[in-house]
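This report refers to the structure that appears directly beneath it.
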Amino acid sequence: MQATKFEFERRFWIIAAIFLVGFLLARFDGTGVLWTLQHLLAPHATGARATTIRQIIIGIGALLVFAAAALRTWGAAYLRTEIVHDRGQHAETLVADGPFRHVRNPLYFANLPMALGIGLLASRLGCVFMVAANWLFVYRLIFREEAALRQSQGEPYRAYCAAVPRFWPSWSARLPAGNQAPRWRQAFVGESFIWLFGLAELCLALTLNLKLMAAIFIAGFVVHFFVMGRTRLAHRPNE
């Protein structure tokens with residue numbers, strides 16, 4: 001059930017492929033989530049009113065992506081960007097501060113609201129696929145990381161697992177706050193591509209301009225690769 005080494009190292013591309021396949025499924029299901037929800041909420045709405053309802057639904061999707069970006073940024077502030085986006089697996093330390101007091105895998109959990117938020121722009125089948133495939137894949141990643149942490153951290157990690165839920169966050173913190181200081185700047189930089197995805201969807205909600213949304217969405221990918229390149233250079237061993 002746990003992800004392979006290949007899957008872990010290529011997790012960014014696999015998740016990107018999940019979203020791509022989700023949008024391509026419109027070839028098999030031509031009914032969009034926007035149309036479905038608009039007719040469910042206001043079956044007789046037409047013209048400007050129907051357009052406004054669709055814009056509101058897209059705006060809700062943008063808020064879901066922003067919520068995912070905020071949670072990932074909170075987690076990255078304690079876990080560090082160079083670890084979050086590293087292709088290699090890290091199990092040297094146990095982080096139990098910030099959002100990790102509420103859920104053991106806040107960054108992976110954030111994939112669900114992101115998938116749902118972006119999925120609102122897809123077909124019904126595509127949206128279901130995006131959410132379900134993301135859920136399944138991040139669970140496989142979690143199982144791989146848990147196995148490594150159990151081996152490297154031993155009893156402290158088992159105690160942490162007993163106190164903090166694996167995936168669904170607890171509203172109340174399950175552990176007392178630690179003394180680790182969050183590093184917000186590097187976290188915002190490292191997760192800036194998710195913020196840009198949310199901005200792209202928000203711009204679509206406000207303007208219905210697909211070209212503008214696509215340009216900002218592509219900019220998110222460019223930012224991701226730029227940040228990754230800078231991170232790898234900064235942590236390259238001195239030769």
Side-chain angles (χ1 to χ4, degrees), residues 12-27 29-42 45-77 81 84-85 106-107 109-131 133-134 184-230:
F12 175 84
W13 288 110
I14 292 174
I15 291 172
I18 288 172
F19 284 107
L20 177 61
V21 171
F23 282 112
L24 291 177
L25 286 174
R27 297 188 62 180
D29 176 16
T31 303
V33 175
L34 288 177
W35 187 91
T36 301
L37 291 177
Q38 183 247 301
H39 279 264
L40 180 65
L41 296 171
T46 58
R49 185 179 175 219
T51 299
T52 299
I53 292 173
R54 288 195 291 270
Q55 287 180 287
I56 291 172
I57 295 170
I58 297 171
I60 292 172
L63 291 178
L64 287 170
V65 179
F66 282 135
L71 181 54
R72 286 184 59 89
T73 301
W74 189 18
T81 292
V84 172
H85 298 289
L107 286 93
F109 172 77
N111 276 41
L112 286 193
M114 181 175 68
L116 180 57
I118 295 176
L120 292 179
L121 304 177
S123 66
R124 298 168 302 179
L125 179 60
C127 182
V128 171
F129 175 81
M130 289 181 191
V131 175
N134 266 283
W184 291 110
R185 182 177 178 277
Q186 58 89 37
F188 273 106
V189 171
E191 301 304 317
S192 55
F193 69 108
I194 306 290
W195 290 102
L196 284 171
F197 292 168
L199 179 61
E201 192 162 356
L202 179 60
C203 286
L204 180 64
L206 296 175
T207 68
L208 296 179
N209 188 327
L210 285 171
K211 290 183 178 179
L212 178 60
M213 184 199 75
I216 300 175
F217 198 81
I218 292 171
F221 277 91
V222 172
V223 167
H224 171 76
F225 291 116
F226 174 78
V227 170
M228 286 298 298
R230 292 290 300 272

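Keep in mind the model is a prediction, meaning the values are calculated, not measured. The analysis underlying the following values was restricted to heavy atoms, covering all of them including side chains, and did not include hydrogens, waters or symmetry mates. Position 1 is the first residue of the sequence; numbering continues from there.
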Can L204 and L212 be said to form a side-chain contact (heavy atoms from CB on, under 4.5 Å), step by step? CA-CA 7 Å; L204 180 64; L212 178 60; over 6 Å; no
Shortest non-hydrogen contact between P106 and L71, atoms and distance: O-CD2, 3.5 Å
Let me confirm one number: the OG1-CG distance from T207 to L202, rounded to the nearest 0.5 Å. 9.0 Å
Sequence neighbours left out, what passes ring pair (Phe, Tyr, Trp, His ring centres under 6.0 Å) with F217? Give chain and number order. F197, F221
Rounding to 0.5 Å, atoms CG (L107) and CD (E191) come to a distance of 6.0 Å
Would you mind reporting whether V222 and F193 have side-chain heavy atoms less than 4.5 Å apart? no
For A62 and G198, work out which heavy atoms get closest and say how close. CB-O, 3.8 Å
Which residues pass the side chain to side chain contact (heavy atoms under 4.5 Å, CB included) test with L208, sequence neighbours left out? T51, Q55, I58
Least distance between heavy atoms, I57 atom then Q38 atom: CD1-N, 3.9 Å
Rounded to the nearest 0.5 Å, what separation is found between the CD1 atom of I218 and the CE atom of M213? 9.5 Å
In Å and rounded to the nearest 0.5 Å, what is the CG to CG distance from L25 to L20? 9.5 Å
Please report the interatomic distance CD1(I56) to CG(L37), rounded to the nearest 0.5 Å. 12.0 Å
Using only atom types and a distance under 3.5 Å, with no angle test, would you say the side chain of Q186 pairs donor to acceptor with the backbone of A76? yes
One should read off an interatomic distance between L41 CG and R54 CZ, to the nearest 0.5 angstrom, of 12.0 Å
Side-chain donor-acceptor pairs under 3.5 Å in residues 111-128, sequence neighbours left out?
| residue | atom | partner | partner atom | Å |
| --- | --- | --- | --- | --- |
| N111 | ND2 | N134 | OD1 | 3.4 |
| S123 | OG | G126 | N | 3.0 |
| R124 | NE | D29 | OD2 | 3.4 |
| R124 | NH2 | D29 | OD1 | 3.0 |

Contact between M130 and F23 at the side-chain level, heavy atoms closer than 4.5 Å - yes or no? yes
Heavy-atom closest pair (L196 atom, G220 atom, distance to 0.1 Å) is CD1-CA, 3.7 Å
For the residue pair R49 and A42, what are the closest heavy atoms and their distance? NH2-CB, 4.1 Å
Which heavy atom of F129 sits nearest to which heavy atom of V21, and what is that distance? CE2-CG1, 3.6 Å
